[in-house]
Engineer: 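Mind having a look at this structure? Questions to follow.
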Amino acid sequence: MNLPARVRVTRPPLPLAPALQAAAARLCPDAPQALNAAALAIAGGSVIGAHLRWEGGEAANVETGWRGRGIEEALAQTITG
């Protein structure tokens with residue numbers, strides 16, 4: 001998948017570390033803290049996208065300036081892999 005050069009997508013261990021949890025909550029405010037899976041897009045040390053899955057639901061969001069660059073697809077692929 002061709003992502004912008006400074007963007008990486010990762011599937012961090014759960015539960016998320018406090019800083020990652022805060023960033024995920026900012027991007028997906030309706031998601032609970034108890035997650036089944038999480039994929040995060042990181043650029044320059046900041047979380048710019050998240051795809052979160054929990055019992056009975058999921059949510060995904062990418063910061064406005066980063067949308068349409070393949071990040072959404074990379075997050076979806078990472079969370080299912």
Engineer: Are I71 and L27 linked, directly or through other ILVMFWY residues, by side chains that come within less than 4.5 angstrom of each other?
Structural biologist: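 No, separate clusters.
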Engineer: For residues 33-53, dump all side-chain donor-acceptor pairs below 3.5 Å to protein atoms at least two apart in sequence or in another chain.
Structural biologist:
from	atom 1	to	atom 2	distance (Å)
H51	NE2	E58	OE1	2.5

Engineer: Are T78 and T80 packed together at the side-chain level, in the sense that at least one heavy-atom pair is separated by less than 4.5 angstrom?
Structural biologist: no
Engineer: Taking all heavy atoms of R67 and all of N61, pick out the closest pair and write down the distance.
Structural biologist: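 So the minimum-distance heavy-atom pair works out to NH2-OD1, 3.0 Å.
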Engineer: Nearest heavy-atom pair of R69 and E72: which atoms, and what distance?
Structural biologist: N-OE1, 4.3 Å
Engineer: What pairs with A59 under side-chain contact (heavy atoms from CB on, under 4.5 Å), at least two apart in sequence or on another chain?
Structural biologist: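 In terms of side-chain contact (heavy atoms from CB on, under 4.5 Å), with neighbours along the sequence ignored, A59 is linked to C28, W54.
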Engineer: Between L75 and R11, is there a side-chain heavy-atom distance shorter than 4.5 Å?
Structural biologist: no
Engineer: side-chain hydrogen bond (donor to acceptor under 3.5 Å, both in side chains) with R26: which residues, sequence neighbours excluded?
Structural biologist: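 For R26 the side-chain hydrogen bond (donor to acceptor under 3.5 Å, both in side chains) partners, ignoring immediate neighbours, are E63.
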